[in-house]
J.: 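Below is the structure I would like to discuss, written out as structure tokens.
Naming convention: chains lettered A, B, ... in sequence-line order (proteins, then strands); numbering from 1 in each chain.
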Amino acid sequence: MQFCFTVLCKLLGMGIFMYKKISTPLSDSIVEELQAGDRVLITGRIYAARDAAHKRMCDALARGEALPVELTDEVIYYAGPCPPKPGYVTGPFGPTTSGRMDRYTPAMLAIGLRGMIGKGERSKEVVEAMKKSKAIYFAAIGGAGALIAAKIKKMKVAAYEDLGAEALAELWVEDFPVIVATDCYGVSLYETEPKKYKDKYTELQNLR
Amino acid sequence: MREICCELITETVNKLFMEANYHLSEDIRNKLLEYRAMELSETGCEILDQIIENAELASVKELPICQDTGMCVVFIELGQEVSIIGDHLTEAVNKGVRQAYDEGYFRKSVINDPLKRINTGDNTPAVIHYDIVAGDKIHIKVMPKGFGSENMSAIKMLKPADGLEGVIDFVVDTVSRAGSNPCPPIIVGVGIGGTMEKAAILSKKALFRKLGSKHKEEFYEVLEKTLLDRINNLGIGPQGLGGITTALGVNIEVFPTHFAGLPVAVNITCHASRHKEAII
């Protein structure tokens, strides 16, 4: 039975987990319902921005200027793609290390950013700011950029075109697969999960 | 003297970067499958499946495995009986990089200055390490090096009294601090000895060795295994979301050093460890 279920899910390309489907922009009720560990498929508009675009946005906020896009309840994907081969919407487009954006994130959350997609854990300051503004952090799989690109249906540069692969981009995604890594209650898989597997490698080697 | 045209060097560098960015090496794929069969974490298994599927898709469609097509690292072992005809050797290599990153639709991630930060637009310059060796051939090794993992690398000048335990602790601590950031499962290159810069270069060179191949010295073969056990016991797992698959391998390179020192460098690469080589 378990085998049939696994096969069925494999055929559907879903792995063995149940996926929750959500649409952007996010709201209190969507974010409150999601918990660390949930598998989620995101559909709708998201923005892609990495180090250089974040620096420009934060510099603009510090000068009291408006941002080129409205970020209230929106989701930012920390990523910069390869150029598209002919016939493709985009080249491979996997997540980059989120920790590098930690310095900019509290300011982004303060203006209403609701969700972030990236890879790797966030600082304590970011998690605290997320709890305060009810925001959520999703993990995508780093190094699976070719697979992820297939979920991006449209893409256009929204601002800072001169930054090339680091430009702020607007993406339309369909069933974009992520895992809730840190929920709006501050529970983080990067804290809870590794503990469970400490010293298990040696135990496993001894059994073999 | 054997004459080699710079065009052949450019063409070889171009081809090697294309292959490296599209096709994951067999040894890494095999290790991923081996750890997938062992992994205890369901999330870990799900992630490893997607990593393997991604590599297959990239290879079939000739797409980059990862969007971070890296900064180009090139090791050149130049036979001293070779005479290069045409361009300057460094320019021939950079030309190969320029062509590959244009024709291959790879991301151009290199900036002109670490503080002024303007994109060079063609992913050059490459970081090139030259070695003059005996013979009349050129051995070219290339590595498009992603920076998620490069950023998590570290070097330390240990004291001789720190000894073997000190080395082990520094390597394991570096991987532990890197945690989820370098896209685990990772491969760990360790350079021990020489001077500060020599240790760093050795740690990069170590990443070229095939996974699963044994160190030529038994002492270091045992040390590699000890380090791998300690690292995989950390529990970090695929993408840092828990599991036993934190590293697929640890490769060590050593060099004589000064009696007052014990330099150790740790260079980390992600599971999309891309490197190819050719002899012309």
Side-chain angles (χ1 to χ4, degrees), chain A residues 10 13 15-17 37 39 51-52 55 79-86 88 90-100 119-121 139-150 162-166 177 179 181 189-190 192-205 208, chain B residues 21 38 40-47 49-51 53-55 57-58 61-69 104-109 117-119 121 146-148 151-152 179-184 228-246 270-272:
Chain A
K10 282 273 173 210
I16 51 168
F17 294 93
R39 268 65 178 169
D51 311 59
K55 183 173 189 320
C82 283
K85 274 188 151 179
Y88 286 84
T90 163
F93 209 151
T96 195
T97 311
S98 307
R100 291 200 317 275
K119 68 170 179 84
E121 65 190 312
I141 298 180
L147 266 186
I148 290 171
D162 61 296
L163 294 177
E166 289 205 274
I179 300 170
L189 295 185
Y190 299 110
T192 59
E193 298 310 291
K195 282 180 200 155
K196 297 178 188 167
Y197 299 95
K198 200 166 164 25
D199 297 327
K200 293 281 185 231
Y201 182 73
T202 295
E203 283 175 32
L204 193 67
Q205 299 289 310
R208 281 154 68 93
Chain B
N21 274 313
M38 274 196 298
L40 301 172
S41 150
E42 280 188 7
T43 305
C45 288
E46 184 192 9
I47 291 168
D49 280 342
Q50 291 197 33
I51 286 171
E53 193 186 339
N54 180 72
L57 177 76
K61 302 258 183 199
E62 298 218 311
L63 295 168
I65 299 162
C66 176
Q67 74 289 336
D68 187 357
T69 45
Y105 295 89
F106 302 154
R107 195 176 77 185
K108 288 84 181 165
S109 312
R117 306 190 80 82
I118 309 290
N119 200 300
F147 255 57
N151 279 337
M152 296 297 127
S180 54
N181 291 322
C183 273
L228 186 64
D229 287 354
R230 287 273 302 268
I231 288 167
N232 282 336
N233 275 329
L234 291 170
I236 294 168
Q239 298 291 308
L241 296 175
I244 58 147
T245 315
T246 302
C270 60
H271 57 84

J.: Given that the side chain runs from C-beta out, which part of B:L234 has a heavy atom under 4.5 Å from chain A: side chain, backbone, both or neither?
T.: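 Only the backbone of B:L234 comes within 4.5 Å of chain A.
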
J.: Is chain B contacted by the side chain of A:L204, its backbone, both, or neither, given a heavy-atom distance below 4.5 Å?
T.: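 Side chain only.
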
J.: So, A:R39 versus B:T43: side-chain donor-acceptor pair below 3.5 Å or not?
T.: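 Yes, side-chain donor-acceptor contact under 3.5 Å.
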
J.: Would you check if the side chain of A:K119 reaches a backbone N or O of B:Q239 as a donor-acceptor pair within less than 3.5 Å?
T.: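 No; judged by distance alone, with no hydrogens or angles, the pair does not exist.
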
J.: For A:T97, which atoms come within 4.5 Å of any heavy atom of chain B: side chain, backbone, both, or neither?
T.: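 Just its side chain gets close to chain B.
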
J.: Are the side chains of A:E166 and B:R117 in contact, using a 4.5 Å heavy-atom criterion?
T.: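 B:R117 vs A:E166: side chains apart.
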
J.: Taking C-beta and beyond as the side chain, do B:K61 and A:K85 meet within less than 4.5 Å on heavy atoms?
T.: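 Heavy-atom side-chain distance check fails, nothing below 4.5 Å.
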
J.: Sort B:I47 into side chain, backbone, both or neither according to what part of it lies under 4.5 angstrom from a heavy atom of chain A.
T.: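 Both backbone and side chain.
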
J.: Drop me the distance from A:I148's CD1 to B:L57's CG, to the nearest 0.5 angstrom.
T.: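 It is 11.5 Å, given to the nearest 0.5 Å.
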
J.: Please flag which part of A:F93 lies under 4.5 Å from any non-hydrogen atom of chain B: side chain, backbone, both or neither.
T.: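 The answer is the backbone of A:F93.
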
J.: Please confirm whether the backbone N or O of A:Y201 pairs with a side-chain atom of B:N233, one donor and one acceptor, at under 3.5 Å?
T.: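 Judged by distance alone, yes, a pair lies under 3.5 Å.
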
J.: Enter the distance from B:C66:SG to A:I141:CD1 here, rounded to the nearest 0.5 Å.
T.: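 Rounded to the nearest 0.5 Å, the SG-CD1 separation comes out at 12.5 Å.
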
J.: Under the side chain to side chain contact (heavy atoms under 4.5 Å, CB included) criterion, do A:T96 and B:D68 qualify, and how do the steps go?
T.: CA-CA 8 Å; A:T96 195; B:D68 187 357; over 6 Å; no

J.: Go through the atoms of B:T69 and report whether side chain, backbone, both or neither lie under 4.5 Å from a heavy atom of chain A.
T.: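 It is the side chain, since no backbone atom gets that close.
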
J.: Could you tell me whether a side-chain N or O of B:R107 sits under 3.5 Å from a main-chain N or O of A:P83, the two making a donor and an acceptor?
T.: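 No, the answer is negative, given that no donor and acceptor are paired below the 3.5 Å cut-off.
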
J.: When heavy-atom pairs shorter than 4.5 Å are enumerated against chain A, which of B:G148, B:G104, B:G240 gives the highest number?
T.: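 Ranked by heavy-atom pairs under 4.5 Å with chain A, first place is B:G240.
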
J.: Go through the atoms of B:N119 and report whether side chain, backbone, both or neither lie under 4.5 Å from a heavy atom of chain A.
T.: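 For B:N119, there is no contact with chain A at all, as no heavy atom is under 4.5 Å.
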
J.: Give, as side chain, backbone, both or neither, the part of A:I179 having an atom under 4.5 angstrom from any heavy atom of chain B.
T.: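 The answer is the side chain of A:I179.
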
J.: With chain B as the partner, which of A:P194, A:G120, A:G37, A:G145 has the greatest number of non-hydrogen pairs under 4.5 Å?
T.: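 Heavy-atom pair counts peak at A:P194.
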
J.: Restricting to side-chain hydrogen bond (donor to acceptor under 3.5 Å, both in side chains), what partner residues turn up for A:E121, sequence neighbours left out?
T.: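 Residues passing side-chain hydrogen bond (donor to acceptor under 3.5 Å, both in side chains) with A:E121: none at all.
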
J.: Show, in sequence, the C-alpha distance, side-chain angles and deciding distance for A:K200 and B:N232, and conclude whether the side chain to side chain contact (heavy atoms under 4.5 Å, CB included) test is met.
T.: CA-CA 8 Å; A:K200 293 281 185 231; B:N232 282 336; over 6 Å; no

J.: When you measure from the side chain of B:N54 to the backbone of A:G143, do you find a donor-acceptor pair of N or O atoms at a distance under 3.5 Å?
T.: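 The answer is yes, because a donor-acceptor pair under 3.5 Å joins these two groups.
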
J.: Within a strict 4.5 Å, meaning less than it, do heavy atoms of the A:K196 and B:L40 side chains meet?
T.: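 A side-chain contact is absent here, since even the closest heavy-atom pair is not under 4.5 Å.
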
J.: Counting only non-hydrogen atoms closer than 4.5 Å, does B:L228 touch chain A with its backbone (N, CA, C, O), its side chain (CB onward), both, or neither?
T.: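 Both the backbone and the side chain of B:L228 come within 4.5 Å of chain A.
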
J.: Let's go through A:C82 and B:Y105 carefully: what are the C-alpha distance in whole Å and the side-chain angles of both, what is the deciding distance for side chain to side chain contact (heavy atoms under 4.5 Å, CB included) to 0.1 Å, and is it a yes or a no?
T.: CA-CA 6 Å; A:C82 283; B:Y105 295 89; 5.8 Å; no

J.: Closer than 3.5 angstrom, by distance alone: can the side chain of B:Q67 be matched with the main-chain N or O of A:G94 as a donor-acceptor pair?
T.: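 Judged by distance alone, yes, a pair lies under 3.5 Å.
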
J.: Would you mind telling me which of B:I236, B:I244, B:T245 has the largest number of heavy-atom pairs within less than 4.5 Å of chain A?
T.: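 Ranked by heavy-atom pairs under 4.5 Å with chain A, first place is B:I244.
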
J.: Can you tell me how far apart CG (B:L63) and CG (A:L147) are? Round to the nearest 0.5 Å.
T.: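 Rounded to the nearest 0.5 Å, the CG-CG separation comes out at 10.0 Å.
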
